[in-house]
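Report on the following structure.
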Amino acid sequence: MDIIERIKQQVEGNPIVIFMKGTPQMPQCGFSARTTQALKAAGAEFAHVNVLADPEIFQNLPRYANWPTFPQVYINGELIGGCDITVDLFESGELHKMVAEAKNQQPKAAAH
Amino acid sequence: MTAARVEMIHQRLTAALAPEHLTIIDESHKHAGHAGAQSGGGHFAVTLVSKAFSGQGLLARHRMVYDALGSAMHTDIHALSIRAFTPDEFNPH
């Protein structure tokens with residue numbers, strides 16, 4: 001499958017997905033660690049893609065999203081940002097709302 | 001090396017965004033030894049106050065900073081923490 005298609009499937013097939021270095025259980029980067037902590041604290045259930053284990057995604061995701069760094073968090077198919085923005089949204093209470101809304105919506109790509 | 005990078009970041013951000021306030025902190029030393037640091041790119045934290053951010057959301061502001069830094073995001077900068085404010089947000093009346 002085309003790499004861009006593969007990224008799209010992850011982004012659109014999960015209500016919330018984080019592309020990160022390492023895993024939520026064993027993050028390999030402080031920014032990825034802080035971002036997953038914010039998501040968890042906001043009550044999110046989320047999918048993750050370990051970009052260190054998938055060199056193709058590591059190389060192509062920045063181009064896909066026009067966003068040069070990791071982690072990247074997508075809610076309902078849209079990039080919300082990296083570590084700084086996710087933590088900002090958590091601190092302002094906005095992330096809780098976005099997470100709650102995502103739970104109520106099923107993205108089209110996930111419907112079989 | 002490090003001072004030259006900070007200077008380069010300063011020049012590019014100043015040219016593109018005309019910030020009223022700009023601080024750049026080199027945090028590379030905090031991350032020496034971790035996997036990402038081996039590529040040679042530095043870790044930096046920037047705080048900018050600029051009128052250019054007025055009416056822009058967080059995502060757009062970060063993209064403006066990334067765009068201003070351009071190719072350096074792929075070469076000299078491994079990680080960048082960004083705090084971007086408008087003058088009104090930075091000095092609330």
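Letters go in sequence order (proteins before strands), and every chain restarts at 1.
- Annotation: B:F85, atom CZ; neighbour count of heavy atoms from other residues, nucleotides and ligands within 6.0 Å is above 12.
- For B:K51, the NZ atom sits in a loose shell: 12 or fewer heavy atoms of surrounding residues, nucleotides or ligands are nearer than 6.0 Å.
- B:V49 and B:V65 are assigned to two separate hydrophobic clusters, defined by single-linkage of ILVMFWY side chains at heavy-atom distances under 4.5 Å.
- Around atom CD of A:E78, no more than 12 heavy atoms belonging to other residues, nucleotides or ligands sit under 6.0 Å away.
- Counting all heavy atoms, side chain and backbone alike, A:I80 lies closest to B:L59 at O-CD1, 3.3 Å.
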List, one per line, each side-chain donor-acceptor pair under 3.5 Å for residues 7-17 of chain B, sequence neighbours excluded.
unit_1, atom_1, unit_2, atom_2, d
B:E7, OE2, B:Q11, NE2, 3.2
B:R12, NH1, B:L69, O, 2.6
B:T14, OG1, B:H10, O, 2.7

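- In terms of heavy-atom pairs under 4.5 Å with chain A, the best-connected choice from B:R63, B:H74, B:R61, B:R83 is B:R63.
- Within a 6.0 Å sphere centred on CD of A:E45, other residues, nucleotides and ligands contribute 12 heavy atoms or fewer.
- Within residues 60-74 of chain A, the residues having any heavy atom under 4.5 Å from a heavy atom of chain B are, by residue number, A:A65, A:N66, A:W67, A:P68, A:T69.
- A chain of hydrophobic side-chain contacts below 4.5 Å, direct or via other Ile, Leu, Val, Met, Phe, Trp or Tyr residues, connects A:I4 to A:V11.
- Separating the NE2 atom in B:H62 from the CD1 atom in A:I85 is a distance of 4.0 Å, to the nearest 0.5 Å.
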